[in-house]
K.L.:
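Got a structure for you, questions after.
Hydrogens, waters and symmetry mates play no part in the numbers below; they use all other heavy atoms, side chains included. Note that this is a predicted model, so its numbers are computed, not measured.
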Amino acid sequence: MNTVLIIANVLVFLTFIIHTFGGDLEYRKIEPKPDSAPRFRVFWTMGRGAFHIVSIDFLFATIGLTLINFTDYFKETQFFLNLLAFYFLGYGIAFLVTLIISKKFPNIFLKMWQWLLMFVIAALIYWGAN
């Protein structure tokens, strides 16, 4: 058993749960009022859908890591693990760039720490794979 990959697995699973359920609760707080212009409802719903596409990414990453950690489902795991590591690295970079180009507010990089979480997950997977 690879302890580092199991830690990454648990972290991705917790990210999936918190993102899917806690994140949706937070996202619903900015739902447009029923009497808002329909375009605001469309934009909000599109954003919510994109938000949950990321939830599915976390779910599939959890499933993949679980299969690697606890089964012999994959014959060659190195490629898959490196791909996952770069995938999470990409998520971290995209989130960090978004913060850099967005309008600033106090402690933006600490309050919006998800970029760091993605880097930690990427590092754990890469470390565990190598």
K.L.:
Determine whether Thr15 and Met118 make a side-chain contact, defined as any pair of heavy atoms from C-beta on separated by less than 4.5 Å.
P.N.:
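Contact flag for Thr15/Met118 side chains = yes.
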K.L.:
Holding to ring-ring contact (aromatic ring centres under 6.0 Å, His included), I want the full list of residues that pass it with Trp127, two or more places apart in sequence or in another chain.
P.N.:
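So Trp127 forms no ring-ring contact (aromatic ring centres under 6.0 Å, His included) with any residue.
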K.L.:
Mind checking whether Ile6 and Phe70 have side chains closer than 4.5 Å, heavy atoms only?
P.N.:
yes
K.L.:
Between Asn69 and Leu65, is there a donor-acceptor pair closer than 3.5 Å when you use the side chain of the first and the backbone of the second?
P.N.:
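Pair found, side chain donor or acceptor close to backbone of Leu65.
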K.L.:
Is a side-chain N or O of Trp44 found less than 3.5 angstrom from the main chain of Tyr27, in a donor-acceptor match?
P.N.:
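Pair found, side chain donor or acceptor close to backbone of Tyr27.
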K.L.:
Do Thr20 and Asp24 come close enough that some side-chain heavy atom pair is under 4.5 Å?
P.N.:
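Side-chain contact under 4.5 Å: no.
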K.L.:
Can you spot which of Leu81, Ile121, Asn82 makes a side chain to side chain contact (heavy atoms under 4.5 Å, CB included) with Tyr126?
P.N.:
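Exactly one candidate clears the test, Asn82.
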K.L.:
Under 6.0 Å between ring centres: does that hold for Tyr87 and Tyr91?
P.N.:
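Here the rings of Tyr91 and Tyr87 have centres that are less than 6.0 Å from each other.
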K.L.:
Flag yes if more than 12 heavy atoms outside Glu76 fall under 6.0 Å of its CD atom; otherwise flag no.
P.N.:
no
K.L.:
Angle class for the His19/His52 ring planes (parallel below 30°, perpendicular above 60°, tilted otherwise)?
P.N.:
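Plane angle over 60°, so perpendicular.
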K.L.:
I'd like to know if the side chain of Lys111 and the backbone of Phe109 have a donor-acceptor N/O pair within less than 3.5 Å.
P.N.:
no
K.L.:
Other residues, nucleotides and ligands only: do more than 12 of their heavy atoms fall within 6.0 Å of NZ on Lys33?
P.N.:
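Counting other residues, nucleotides and ligands, NZ of Lys33 stays at 12 neighbours or fewer.
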K.L.:
Heavy-atom count around Tyr73 OH within 6.0 Å, excluding the residue itself: above 12?
P.N.:
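Check fails, neighbour count at 12 or below.
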K.L.:
Is Phe79 atom CZ crowded by more than 12 heavy atoms from other residues, nucleotides or ligands, each under 6.0 Å away?
P.N.:
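Result for CZ/Phe79: open.
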K.L.:
Please verify the inter-ring angle class for Phe16 with Phe13; under 30° counts as parallel, over 60° as perpendicular, anything in between as tilted.
P.N.:
tilted
